[in-house]
Amino acid sequence: MQRSRHTDACPGALQVHQAADGALARVRLPGGTISAAQLAALAAASSRFGSGTLELTARGNVQIRGITDTAAVAEAVAEAGLLPSATHERVRNVVASALSGRVGGAADVRGWVSELDAAIQAQPALASLPGRFWFSIDDGRGDVSGLGADVGVHVLEGGAALLLAGRDTGVRLEAGEVVDRLVAVAVRFVETRGKAWRVVELADPRVLVPGSGLGLRHTPVTTPPVGWISQDDGRVALGAVVPLGVLAARVAEYLAAIGAPLVVTPWRSVLICDLDEAVADAALRVLAPLGLVFDEASLWLLVSACTGSPGCAHSAADVRADAAAAVQAGEADIRRHFVGCERACGSPPVGQVLVATGDGYRLQTRP
């Protein structure tokens, strides 16, 4: 399906979206990586100029809502080193295996993420890439290949498979080819997309990779790494689920105070990495009472929601409140995503999507 709108309204740190509750800025984090100092800067910006919360997105990015001074927030983002390119800031959408280089996987793909980010910014044509277009780099464990990125790679023994819209094209790449090929596919999309915003909207995505096919679709992974995670180097990572992806700025400050590298995952969770056991134990004792979830059996892993009312003018209900009520009532026994209108923003690839009708919810039929 092609969209009729010609202008790309996808928000960034400079081009904000005017939501019902004020301006919204989205900060791209390629591979979900963010330092403690950078998280602290975003928390401070939200506390001073926004809603006092940070929203984690399904592409591992961070949003600030209710902004009263957009220039001040943009300045804070830039000073934190999170705005390396004014022309390409909205197109740096790169999702990667969250634990790559720390736990398992067939390769450490963190270097590819950095190289791809630099290559995107260095390619003038990609300034015109739609803000919804995204890349995935899977280290072979299969955690992000099933999420349906527009173009991606999946590490195999001795190389990588090229993916389009989450499907294997049959094209195999050597390690040194990966970044150049991903950029080339994105440039080709810009040249041929017409009114399409995503690869899946093209009549035949194979036009982006001549001679390719569209084969295996990887199975979506629906839950993040949670709890105490032993890294291969003997250190510890903590996987913290953020209920409904809404992280209070005060809690973000506690996360930042640990001083550890952080990864925002596509499942609206945070990984606190490279800890020694004593620090990890202390962090758990502090963070769990603040509302972060470290229990892989928690019902919060089964529930998500769009923004809903009052933040979105399109919404027929306060869907976050209704989703939270379902968890509190123990009704979240299957995966559910609550949305306020037919657009069904943020819907995960599997599970039920419940659409608010004004007097309840109805089940949306998936395509």
Quiz prompt | CA sep, side-chain torsions, deciding dist, call: R90, D8, salt bridge (charged side-chain N to carboxylate O under 4.0 Å, His left out) | solution = CA-CA 10 Å; R90 294 186 303 143; D8 185 2; 3.7 Å; yes
| field | Trace of the side chain to side chain contact (heavy atoms under 4.5 Å, CB included) decision for V246 with L56 | value | CA-CA 7 Å; V246 181; L56 312 186; over 6 Å; no
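For R172, the CZ atom is densely surrounded, since the number of other residues' heavy atoms within 6.0 Å is greater than 12. For E296, the CD atom sits in a loose shell: 12 or fewer heavy atoms of surrounding residues, nucleotides or ligands are nearer than 6.0 Å. In this structure, E277 places its CD atom where only 12 or fewer heavy-atom neighbours from other residues, nucleotides or ligands lie under 6.0 Å away. Other residues, nucleotides and ligands contribute more than 12 heavy atoms inside 6.0 Å of the CD atom of Q328.
The salt bridge (charged side-chain N to carboxylate O under 4.0 Å, His left out) test applied to D276 returns no partner, not counting sequence neighbours. Residues that satisfy the ring-ring contact (aromatic ring centres under 6.0 Å, His included) test with H337, not counting sequence neighbours, are absent from this structure. Every ring-ring contact (aromatic ring centres under 6.0 Å, His included) that Y361 has, sequence neighbours left out, goes to F338. Shown here are the ring-ring contact (aromatic ring centres under 6.0 Å, His included) partners of H218, two or more places apart in sequence or in another chain: H154. Among residues two or more places apart in sequence or in another chain, the ring-ring contact (aromatic ring centres under 6.0 Å, His included) test is passed with F189 by F133.
With D138 contributing its side chain and V144 its backbone, the two residues share a donor-acceptor pair below 3.5 Å. Side-chain N or O atoms of T169 include one that pairs as donor or acceptor with a backbone N or O of L162 at under 3.5 Å. With hydrogens and angles disregarded, a donor-acceptor distance shorter than 3.5 Å links the side chain of T57 to the backbone of N61. A donor-acceptor pair is defined here as one N or O able to donate and one able to accept, closer than 3.5 Å; no such pair exists between the side chain of S298 and the backbone of L301. Under the 3.5 Å distance criterion, the side-chain polar atoms of D232 are matched with a main-chain donor or acceptor of G104.
Note: the hydrophobic cluster containing V350 does not contain L299 (ILVMFWY, side chain heavy atoms under 4.5 Å, direct or indirect links).
Rounding to the nearest 0.5 angstrom, the gap separating the CZ atom in R48 from the CD1 atom in I67 is 13.5 Å. Note that the CG atom of L29 and the OG1 atom of T265 stand 11.5 Å from one another [nearest 0.5 Å]. Taken to the nearest 0.5 Å, the CG atom of L275 stands 9.0 Å off from the CG atom of L284. For the atom pair CG of L163 and CG of L214, the computed distance is 10.5 Å after rounding to the nearest 0.5 Å.
Ion pairing between a basic and an acidic side chain is recognised when a charged N comes within 4.0 Å of a carboxylate O; R102 and D274 show such pairing.
Contact between L129 and A186 at its shortest, heavy atoms only, is CD1-O, 3.8 Å.
For the side chain to side chain donor-acceptor pair (under 3.5 Å) criterion with N93, the lone passing option out of R59, R28, R26 is R28.
Under a 4.5 Å side-chain heavy-atom cut-off, the cluster of Ile, Leu, Val, Met, Phe, Trp and Tyr residues that includes V263 is completed by L99, V103, I229, L271.
By the 6.0 Å and 45° rule, R193 stacks over the aromatic ring of W197.
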